[in-house]
Number of protein chains: 2
Amino acid sequence: MANMSSNDLRRQLEHEIVLGEIVPGTRLDEVALTERFGVSRTPVREALQQLSMMQLVEIRPRRGAFVKKMSLKELVDMFEVMAELEGTCGKLAADRMIDEERDKLKELHLITEPLVKNKDYDGYYRANVAFHEAIYKGSHNDFLSDQTKSLRNRLTPYRRLQLRQSNRLNNSFQEHAEITEAITSGNKEMAEQLLGTHVTVQRGSFNDFLASLPMDLIDQSA
Amino acid sequence: MANMSSNDLRRQLEHEIVLGEIVPGTRLDEVALTERFGVSRTPVREALQQLSMMQLVEIRPRRGAFVKKMSLKELVDMFEVMAELEGTCGKLAADRMIDEERDKLKELHLITEPLVKNKDYDGYYRANVAFHEAIYKGSHNDFLSDQTKSLRNRLTPYRRLQLRQSNRLNNSFQEHAEITEAITSGNKEMAEQLLGTHVTVQRGSFNDFLASLPMDLIDQSA
DNA sequence: AATATAAATATTGTATACAAGAATTGTTGA
DNA sequence: TCAACAATTCTTGTATACAATATTTATATT
């Protein structure tokens, strides 16, 4: 397979950046990456160019590539858009899902009940992703689905810690119940409204949300 | 200035693709581009990698880079998202614009009146862009603003011909009047609703919109 | 000792060289 | 004449070489 080394490299780095394994602000040294991946600088540079277009790294001319640090303002803006996109997915899903998809959504919700009971955070995290992606798909709008998924992905490092907090797990489950009911019953306004607030606030105040953000990952200078 | 050749190249090609000067489906030959821009293959390839991440070109392994052809489904999906984003911008702008911005919006609308009277399509096209971008900025959400602008940009080749049609100019002006009124008076629901339909339908049927699409630019195979 | 300046060192950006796979052309056989 | 195969040519993907700019280190001067 060809042109895979630069694409593979990009995917790998993307993964590590999104998961926060590479801390925002760190410089991505080209030769270090060549040694790590056993390739020349050419595919490394092509991968970095790709990541810069994805807004995951910032290429400063003649200075190198840096994992992008987002300011609090940028982050809040992105979460606001995320909320809108999730809401739109919900609205369209309530309208367009076929019976099979509605059944599947119910199922994806119900299987999380034991996970909540057992406080299985990792398990719930994965099931939560599946639940939301089912809604994206249910919009029957591939572009919207991809955009939403991609933005969710980019916000991952700033969301990972949230579920661990106090009774977020219970809150999330409760909200999922309402969302599932709204979508499967075709109540699009309700689905949109519920999903629009679900992402960020989760029945808490916005201040709590802000406080939950890992501030060390945030660019204080901007 | 450094790393500018690959970025400049990307910008130039992006411009030409978005304006439809390079027809979707055409292959972008690397050596041809090196000759045209007087650079080596390295920056050419980096530019193509960037464009592939922007979904403007498709890189088929060992086959080359092709200007992306969008299927009708993809296009409809993108316009649907565009409508949502425009609506969101309007909603937030109605809420957040400061007095100065509201005045500016009124002005940007009013200066288009003579352009409509004189059927100055190019002039109106430019003024229209300025009007809408003022709304994006008025959302006070830079991420949303950038995303909306970028998507509008990508849809340009499929929108250029629309304004020329029958009395689209008058319709557009009339709708802008209502939008301006809604935003400046802070009626966010109205602003969202008006902008959500303005992009695509412009007081016509959706079928008319579909019929207005330049079908030769659309991938029939997909 | 601290700062400024200059040499050296390292890193990015670009061009070229080489390797591997695709497309094309030409030839052979039915 | 057409189809199938083979050799050639072309194009992409990767590595390396060279050029230009930042960064670091060393030296000199106050």
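Every chain is numbered from 1, with letters handed out A, B, ... down the list of sequences.
Remark: P of dA15(C) and CZ of Arg45(B) are 15 Å apart, rounded to the nearest angstrom. Taking atom CZ of residue Phe66(B) and atom C1' of nucleotide dA23(C), one finds them 12 Å apart after rounding to whole Å. One atom, CD of Gln49(A), and another, P of dT12(C), lie 12 Å apart when rounded to the nearest Å. Rounded to whole angstrom, the span from the CD1 atom of Ile59(B) across to the C1' atom of dG21(C) amounts to 17 Å. At whole-Å resolution of the value, CG in Asp29(B) and C1' in dA23(C) are 13 Å apart. At whole-Å resolution of the value, CZ in Arg60(A) and P in dT12(C) are 12 Å apart. Rounded to an integer number of Å, the gap from CD of Glu46(B) to P of dA15(C) is 11 Å.
Residues Gln12(A) and Glu16(A) have side chains that bring a donor and an acceptor to within less than 3.5 angstrom of each other.
By the side chain to side chain donor-acceptor pair (under 3.5 Å) test, Asp95(B) pairs with Lys188(B), sequence neighbours left out. With sequence neighbours excluded, the residues satisfying side chain to side chain donor-acceptor pair (under 3.5 Å) with Glu14(B) are Arg10(B). Remark: Arg63(A) engages no residue in a side chain to side chain donor-acceptor pair (under 3.5 Å) (not counting sequence neighbours). With sequence neighbours excluded, the residues satisfying ring-ring contact (aromatic ring centres under 6.0 Å, His included) with Phe131(A) are His176(A). Under the side chain to side chain donor-acceptor pair (under 3.5 Å) criterion, Arg152(B) pairs with Glu86(B), Tyr136(B), sequence neighbours left out. Taking the salt bridge (charged side-chain N to carboxylate O under 4.0 Å, His left out) definition, one finds that Asp142(A) meets it with nothing, sequence neighbours left out. By the salt bridge (charged side-chain N to carboxylate O under 4.0 Å, His left out) test, Glu101(A) is found to be paired with no residue, residues two or more places apart in sequence or in another chain being considered. For His109(B), the ring-ring contact (aromatic ring centres under 6.0 Å, His included) partners are Phe173(B), not counting sequence neighbours.
A salt bridge between Lys68(A) and Glu58(A) is absent, with no side-chain N of the basic residue lying under 4.0 Å from a carboxylate O of the acidic one. Ion pairing between a basic and an acidic side chain is recognised when a charged N comes within 4.0 Å of a carboxylate O; Arg96(B) and Glu80(A) show such pairing.
Distance from the side chain of Arg63(A) is smallest for dT23(D) among the nucleotides dT11(D), dT14(D), dT23(D). Across dT11(C), dT14(D), dA15(C), the shortest atom-to-atom separation from the side chain of Pro43(B) is found for dA15(C).
Heavy atoms of other residues, nucleotides or ligands lying less than 6.0 angstrom from CD of Glu21(A) number more than 12. Heavy atoms of other residues, nucleotides or ligands lying less than 6.0 angstrom from NZ of Lys73(A) number more than 12.
Summary for the helix from dA1(C)-dT30(D) to dA30(C)-dT1(D): the axes at its two ends, each from 5 pairs, differ by 0° when rounded to the nearest 10 degrees.
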Protein-nucleotides 16-20 of chain C N/O pairs closer than 3.5 Å?
unit_1: dA20(C); atom_1: N3; unit_2: Arg62(B); atom_2: NH1; d: 3.3

Below 3.5 Å is the cut-off: list the nitrogen or oxygen pairs between protein and nucleotides 5-9 of chain D, distance only.
none

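Contact between the side-chain N/O atoms of Ser5(A) and the OP1/OP2 oxygens of dG13(D) is not found at any separation under 4.0 Å.
Checked by atom type and distance alone, the side chain of Ser172(A) never pairs as donor or acceptor with a backbone atom of Leu169(A) at under 3.5 Å.
In the region residues 30-39 of chain A, proximity to DNA chain D at under 4.0 angstrom, judged on heavy atoms, holds for Val39(A).
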